[in-house]
Amino acid sequence: MKLDVITTDRAFDYGYLLKRIWPYIRPVMFRIVIGFALAIPLGLLDGATAFALKPYIDVVINGETYAFKGFELTRDLLAAVIPWAIMLFAVIQGLLKYINSYLTDWISIKISNSVKEDLFKKLVYLDSKFYDENSSGLVISRFLSDPDGASKNIVESIKTLITAFTSSLGLIGVLLYNSWKLAFVGVIVLVCAFIPVSLIRKRVKKVSNASMVVGSGMTTNVNETYHGNKIISGYCLQEDIYAKFKTQIRELFDLSMSLTKRSGWLSPIMYFIASIGVAIVMVVGNHLIITGEMSTGSLASFITSLLLLYKPVKTLGGTLTGMQGIFVAMNRVFELFDLEPEIKDRPNAKELKGLDNNISFENVCFEYEKNKPVLKNVSFGVKKGEMLALVGNSGGGKSTIVNLIPRFYDINSGSIKFDGEDIRNFTLKSLRSHVSEVFQDNFLFSGTIKDNILMGKKDATDEEIRQVVCAAHLDEFIDTLENGVDTEIGERGTTLSGGQRQRVAIARAMIKDAPILILDEATSALDNKSEAIVQKALENLIKGRTVFVIAHRLSTIKNADKIAVINEGQLIEMGTHHELMQIPNGQYKYLYEMQFVKDEAKVAE
């Protein structure tokens, strides 16, 4: 599920893409129809000035007689009416443009927001492996930027196409009205002008994809700079981070210029083709005037129409080229919609009602990457209400074991059972509602302390909140705050200390009141004073629960019911502290004594 290696390529399958986007277009279709309807007269009015030139030059300037559908129009009448008519057409066209622009923006933003809502819903249900494999910048880019590129501009582009197309039709009508012979030349010019557009669409797609990948890398860089600012400063990495961003900027510049190099020649080529058409028209038109087949006003009107026709034709070409980028983004969006979480409910999955007896691991094997096993035939059991401590060298698989219990990942073989039932037979929601977690670096969301505690139980009463605040030893700290539990804590809880964040997380787990508790290095990043307070809070949290604890200080888990020693993905020892200390040359005994010596040395200092 790596976002930068998705291979589905249907960017040219316009029928498929429009079918997929249709559910988002349908609710706003009435406004779209109105907008498209307004685009027709908006385009046709482009020919009004050119149409008016014929009677104005022939009658007002040259003094010829002009009849329109049997009515003879006088020189004075046309001299008075035509300028005001042109102004009126301009006012009407301006009003139509305003209404159409408002409708287009409303529709485009509405469609884009609907796509983002559904994409974000998809995002929150994707599993942990997805987030392991994809950078934050790539996720942000794909889930926020691509929907804008795909849906926000599609209505505007189609409206522009309609306006340019109807404008072209109106101007072609003026050409035919003045001279069908010269109009033939104009149509040939129009057809020739479209040829270059079809030659660059694949190049546009390739560059658009590459630009989006580089852009997501830049987003990741900015995101990491924000969250890792202390590391950057502490290790003097400013120049390295800047150089990386500068390289990305240059790559994006090169890609943009590559696209410009490939598409920029469209305008001069189309202009050259149009110039050839105008030159031919002037030569042929001059001949027609001399032979009396065409009036001076007709030629002026024709040439004006032909020159005006260049703009909508150029717009059509540019819009069609730009729409290829839209379809590329649209294809990328629907690739996201087609992502499926690897971990999901089985058909006929049932609700987990509770834990009555035990949790068992039976020959569990797991790997994050193929052929790189992390756990190898791990088997053990934990009775309800017991505490199992997992110890061992870093990277041995301890955190992996506890992450398998709420199915953040699924095992490759073997089984994990609650009361003899494989956890994959339970719904994810009911399984995870029975498990609480307190990690080493607990994530707090922007908002208040209360908001973060209530994530454990949305309908908790103020009394329940007060109880967990006290049990988590947060009360002394909260009492010093002007707004108490309603204090804003900033993004990721940056206004709180490490110990305070841990206690908020403990309060959140307490109020959830799940029967199974996972403590993954919950105190390892704290100083001694903070650890002592958090440890008291944890003692209140673990009461009456089945607990899996990973602790870096072995002295804190001496009283665990069972201690499992995990090394290189295998369970090598298991028993109580006393039992494990009796094993000659045992791994646990070695770890405990080594840590004890270190602690003694610290005390001696």
Side-chain angles (χ1 to χ4, degrees), residues 352-366 374-392 396-426 428 430-440 506 509-510 512-523 538-554 556-567 569-581 583 586-588 591-592:
L352 175 61
K353 301 299 183 181
L355 180 67
D356 296 322
N357 298 308
N358 68 333
I359 298 172
S360 61
F361 277 57
E362 300 178 3
N363 298 311
V364 171
C365 295
F366 176 78
V374 176
L375 297 180
K376 308 166 189 175
N377 296 308
V378 173
S379 298
F380 61 81
V382 180
K383 293 180 181 179
K384 178 182 178 180
E386 283 188 340
M387 176 193 289
L388 171 68
L390 298 166
V391 302
K398 304 184 297 296
S399 293
T400 298
I401 288 175
V402 295
N403 283 331
L404 294 176
I405 296 171
R407 288 188 69 195
F408 292 151
Y409 304 90
D410 263 347
I411 59 178
N412 295 97
S413 63
S415 61
I416 302 172
K417 295 180 179 179
F418 284 13
D419 297 333
E421 182 81 38
D422 194 307
I423 61 172
R424 289 169 290 190
N425 294 331
F426 300 120
L428 283 170
S430 67
L431 171 65
R432 291 171 180 172
S433 69
H434 283 73
V435 183
S436 293
E437 301 91 9
V438 179
F439 301 109
Q440 176 180 349
I506 290 169
M510 281 181 173
K512 185 177 181 181
D513 198 25
I516 301 164
L517 175 64
I518 293 172
L519 304 175
D520 189 353
E521 302 278 13
T523 62
L538 288 174
E539 289 171 4
N540 291 330
L541 176 60
I542 66 178
K543 290 177 182 177
R545 306 181 201 279
T546 304
V547 182
F548 293 79
V549 57
I550 300 172
H552 71 296
R553 295 190 182 178
L554 302 186
T556 62
I557 49 93
K558 288 172 60 176
N559 295 325
D561 297 288
K562 293 179 181 178
I563 299 172
V565 182
I566 308 296
N567 190 17
Q570 293 180 305
L571 176 62
I572 58 174
E573 293 175 1
M574 190 165 184
T576 64
H577 170 75
H578 178 73
E579 290 170 344
L580 294 178
M581 291 297 291
I583 301 175
Q587 182 71 20
Y588 177 80
L591 292 172
Y592 185 83

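In this text, all values refer to a predicted model and were calculated from it rather than measured experimentally.
- Leu390 and Ile401 get closest at one heavy-atom pair: CD1-CG2, 4.0 Å.
- Rounding to the nearest 0.5 Å places NZ of Lys543 at 13.5 Å from CG of Leu517.
- The backbone N or O of Leu355 lies less than 3.5 Å from a partner atom in the side chain of Lys384, making a donor-acceptor pair.
- Ser436 places none of its side-chain heavy atoms less than 4.5 Å from the side chain of Met510.
- Contact check for Asn425 versus Phe418: no side-chain heavy atoms found under the 4.5 Å cut-off.
- Side-chain contact check for Leu431 versus His434: every heavy-atom pair is 4.5 Å or farther apart.
- If you take CZ on Phe408 and CZ on Arg432, they are separated by 6.0 Å, rounding to the nearest 0.5 Å.
- At least one donor-acceptor pair closer than 3.5 Å links the side chain of Lys562 to the backbone N or O of Gly381.
- Closest heavy-atom contact between Val402 and Asp520: CG2-OD2, 4.2 Å.
- In this structure, Gln587 contributes its side chain and Val565 its backbone to no donor-acceptor pair below 3.5 Å.
- In this structure, Gly385 and Asp561 approach most closely via the heavy-atom pair O-OD2, 4.3 Å.
- Contacts of Asn412 classified as side chain to side chain donor-acceptor pair (under 3.5 Å), with partners at least two apart in sequence or in another chain: none.
- Put simply, CG on Asn403 and CD on Glu437 are 8.5 Å apart, with the number rounded to the nearest 0.5 Å.
- Of the inter-residue distances, the one linking Leu580 atom CG with Met574 atom CE reads 9.5 Å to the nearest 0.5 angstrom.
- In this structure, the side chains of Tyr588 and Val391 come closer than 4.5 Å at one or more pairs of heavy atoms.
- Using modelled atom types, no side-chain atom of Arg424 and backbone atom of Arg407 make a donor-acceptor pair closer than 3.5 Å.
- Distance alone, capped at 3.5 Å, is enough to place a donor-acceptor pair between the Asp419 side chain and the Asp356 backbone.
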Can you list the steps and then say if Ile359 with Leu388 is a side-chain contact (heavy atoms from CB on, under 4.5 Å)?
-> CA-CA 11 Å; Ile359 298 172; Leu388 171 68; over 6 Å; no

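- Between Phe548 and Ile516, some side-chain heavy-atom pair lies under the 4.5 Å cut-off.
- Separation of the His577 and Tyr592 ring centroids falls under the 6.0 Å cut-off.
- Pairing each heavy atom of Ile405 with each of Ile423, the nearest pair is O-CD1, 3.6 Å.
- To the nearest 0.5 angstrom, Ile411 atom CD1 is 7.0 Å from Leu404 atom CG.
- Side-chain contact between Met387 and Ile542 is present, with heavy atoms from C-beta onward closer than 4.5 Å.
- The closest side-chain donor-acceptor pair between Asp422 and Ser415, if any, does not fall under 3.5 angstrom.
- The shortest heavy-atom contact between Pro406 and Ile518 is CD-CD1, 4.0 Å.
- Residues Ile566 and Leu571 have side chains in contact (heavy-atom distance under 4.5 Å, counting atoms from C-beta outward).
- The line from CD of Glu421 to NZ of Lys353 is 13.0 Å long, rounded to the nearest 0.5 Å.
- Under the 4.5 Å side-chain criterion, counting only non-hydrogen atoms from C-beta, Asp513 is in contact with Arg545.
- With hydrogens and angles ignored, the 3.5 Å screen pairs no side-chain donor or acceptor of Lys383 with any backbone N or O of Thr546.
- Between Glu362 and Ser360, the shortest heavy-atom contact is OE2-OG, 3.5 Å.
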